[in-house]
Asker: 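Would you mind keeping the following structure in view while I ask a few things?
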Amino acid sequence: MPTNLPPDAKDKWAEVEATRNPREKIQRMQEFLSLVPQHKGTMKLRGRIKKKMAVLRKEMEERKQKRAGRGGPKFFIEKEGAAQIALLGVTNVGKSCLLSAVTNANVLVSAAPYTTREPVPAVISFEDVQFQLVEAPAVMEGSADGRAWGLQSLALARNADGLIVMVDLSRDPVGQLSLVLGELEKARVLVNKPRGRVDIDRRYMGAGLRVILTGKLLDCTMRDVKALLRSYRIGDAVVKISGEVTLDEVEDAIFESTTYRPAVVVANKLDVAGADAGLERLEGFVAGRVPVVAVSCEKKLGLERLGAVLFSALGVIRVYTKQPGAREPSQRPFTLRRGATLADLARSIHTDFERDFAFARVWSDRLVFSPQKVGVGFALEDGDVVEIHVR
Ligand SMILES: Nc1nc2c(ncn2[C@@H]2O[C@H](COP(=O)(O)OP(=O)(O)OP(=O)(O)O)[C@@H](O)[C@H]2O)c(=O)[nH]1
Ligand SMILES: [Mg+2]
């Protein structure tokens, strides 16, 4: 639905974007809200701006606490391993129990609600790769509006490479999943690949406006897009549009971009009576949109499948490098994302490697001739053995 904002509201938003100081930014946002007409088309927008203001307020509070030496809550956990996975769910579904079952993290499992109040990082292994699993404090109704530590948990999800949403099969798993997905959506995190996406990268003054269209505009022309951006005084930016996108979606991206995070639903407490019926309802609701893994963390049932499902959902591939002339490849793989090329591999080994790259030899069962001599654009797959030759 179009927001049909009046020009003075759009001008005000340009002011918001230009303001760096958080206190002033909140003030400008408040002014912006007072200029937004109250109708159905602006309802979502108003909600989102209020959320943004809540995030800014929390961040200011956090900084104040840090200065006072009281530590304060953690929004980010430094990444380790092939990917960082945020473990989310309402309270008491067994998130800590999963950590204690599959990692060596020292966490408290308890029947009391809201036991975990700070993010807990841990390491989970699958074959020869390691992922970082971070238990987020419980998500609840209102998390995205700043209730309790909700904003931290959602920031964790936004910053992670993938998500596990855990539900308890003995207590309305569909309701729990909808609640968590709803809060994620309010925080602009989607678990299903959107049809298209818009990225607005604001640049310095005088840089000009460049719109790069690799997808398709569904209900408008390039001229409409530029006119819309200009009406918000966005004159210096690189705007990338891929997939299929509507003009409303471009307008949406002006306020905040949406992120997509691959997710796996872990359905816990399979051991409890009635869990089977819960699982059936859950699978009906999910309808194949994301993988569902049924487990019992307490009885250690079904957990052996988790690593492989995460590995495939995250699109991780392993590549083993070999020194020219060596007989065996390295034991420890480089981990990359599906679709990565030799250029990506070379870059992740060393920046010089990409510059000096001459050719590579790749060993794989999928190749007709193995080893095959290939160039820098060659698309790698899981299990490839690669020997890079430099100039
Ligand atoms: N029957 C059964 N109980 C479980 C299972 N996994 C966890 N529990 C119980 O569920 C309760 C909550 O477990 P936690 O792991 O602390 O839950 P959490 O999701 O980390 O909860 P908070 O951190 O408090 O939000 C505990 O009493 C666990 O013993 C399971 O597979 N089966
Ligand atoms: Mg916990």
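For ligands, and for the atoms within them, numbers begin at 1 and follow the listed sequence.
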Asker: Could you list the cluster mates of Val368? Members are the ILVMFWY residues connected by side-chain heavy atoms closer than 4.5 Å, either directly or through other members.
Answerer: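 Besides Val368, the cluster holds Phe369.
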
Asker: Mind checking what residues have non-hydrogen atoms under 4.0 angstrom from ligand 1?
Answerer: Thr91, Asn92, Val93, Gly94, Lys95, Ser96, Cys97, Val109, Ser110, Ala111, Ala112, Pro113, Tyr114, Thr115, Thr116, Glu135, Ala138, Asn268, Lys269, Asp271, Val272, Ser296, Cys297, Glu298

Asker: If I compare all heavy atoms of Leu218 with all of Arg195, which pair ends up nearest, and what's the gap?
Answerer: CD1-NH1, 3.1 Å

Asker: Counting only protein atoms, how many N/O/S atoms are less than 2.8 Å away from the Mg ion (ligand 2)?
Answerer: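 Atoms of protein N, O or S type lying less than 2.8 Å from the Mg ion (ligand 2) total 3.
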
Asker: Between Asp11 and Arg233, is there a salt bridge with N-O shorter than 4.0 Å?
Answerer: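 Salt bridge between Arg233 and Asp11, a charged N being under 4.0 Å from a carboxylate O: yes.
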
Asker: Please tell me whether Thr3 and Glu251 have a donor and an acceptor in their side chains that are separated by less than 3.5 angstrom.
Answerer: yes

Asker: Between Glu387 and Thr321, does any side-chain donor sit less than 3.5 Å from a side-chain acceptor?
Answerer: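 The criterion, which ignores hydrogens and geometry beyond distance, is not satisfied for Thr321 and Glu387.
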
Asker: Distance alone, cut at 3.5 Å: any donor-acceptor contact between the side chains of Glu80 and Gln132?
Answerer: no

Asker: How about Asp168 and Ser170: does a side-chain donor come under 3.5 Å of a side-chain acceptor?
Answerer: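 There is such a pair between these side chains.
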
Asker: Work out which heavy atom in Leu279 is nearest to a heavy atom in Ala294; give both atom names and the distance.
Answerer: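 Taking every non-hydrogen atom into account, CD2-CB, 3.8 Å.
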
Asker: What residues join Met140 in its hydrophobic cluster, counting side-chain heavy atom gaps under 4.5 Å, either direct or through other members?
Answerer: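 Met140 clusters with Tyr114, Trp149.
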
